[in-house]
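Step one of this worksheet: look at the structure below.
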Amino acid sequence: MASYHPCSAVSAAKATLSVVIDQAKQGEPSLITRHGRPEAVLISFEEWQRLSQVPSFGRLLMAAPVMDDDLPSPSGGLRSAEL
């Protein structure tokens, strides 16, 4: 699990926003809670850019160089389903 700066209520985060931003810039994300429940995580802009560039698993699969003989051919065709 990722490590976060200790939980901060929305009101505390608003009161100390400059500190929370400085912590994020130093690589320390802050978990913001509302009524004791996690609501948001504040991360640095650089970290957000890095995370937003990660391709989805589906895009990685579609970009993979696959040759015709890389995957086994289905044997026996489709199976019948009884409903």
Side-chain angles (χ1 to χ4, degrees):
M1 177 174 243
S3 64
Y4 300 101
H5 192 267
C7 293
S8 178
V10 171
S11 58
K14 287 188 336 188
T16 60
L17 186 57
S18 293
V19 173
V20 173
I21 290 172
D22 289 341
Q23 290 168 341
K25 287 177 61 178
Q26 294 172 6
E28 301 173 29
S30 292
L31 177 62
I32 311 296
T33 63
R34 182 180 289 154
H35 306 295
R37 291 182 304 231
E39 291 288 330
V41 175
L42 183 74
I43 59 174
S44 69
F45 180 70
E46 290 80 16
E47 182 68 2
W48 176 80
Q49 280 185 315
R50 185 184 72 79
L51 293 172
S52 66
Q53 298 300 317
V54 174
S56 70
F57 184 66
R59 288 187 188 267
L60 287 173
L61 285 176
M62 295 299 291
V66 179
M67 305 301 282
D68 287 338
D69 59 347
D70 284 344
L71 301 174
S73 58
S75 59
L78 298 176
R79 62 181 184 164
S80 61
E82 294 184 32
L83 302 174

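The structure displayed is predicted, hence computed values, not measured ones.
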Could you pull out all residues at least two apart from M62 that satisfy side chain to side chain contact (heavy atoms under 4.5 Å, CB included)? none

Please list all pairs meeting salt bridge (Lys or Arg N to Asp or Glu O under 4.0 Å) that have one or both residues in residues 34-45, counting only residues at least two apart or in different chains. none

Note: I32 and A13 closest approach over all heavy atoms is CD1-CB, 3.6 Å

side-chain hydrogen bond (donor to acceptor under 3.5 Å, both in side chains) contacts touching residues 10-20 (sequence neighbours left out): none

Residue pairs passing the salt bridge (Lys or Arg N to Asp or Glu O under 4.0 Å) test where at least one lies in residues 54-66, sequence neighbours excluded: none

Please report, to 0.1 Å, the donor-acceptor pairs under 3.5 Å made by any side chain of residues 41-55, with sequence neighbours excluded.
| residue | atom | partner | partner atom | Å |
| --- | --- | --- | --- | --- |
| S44 | OG | E47 | N | 3.1 |
| E47 | OE1 | R50 | NE | 3.2 |
| E47 | OE2 | R50 | NH2 | 2.7 |
| S52 | OG | W48 | O | 3.2 |
| S52 | OG | Q49 | O | 3.0 |

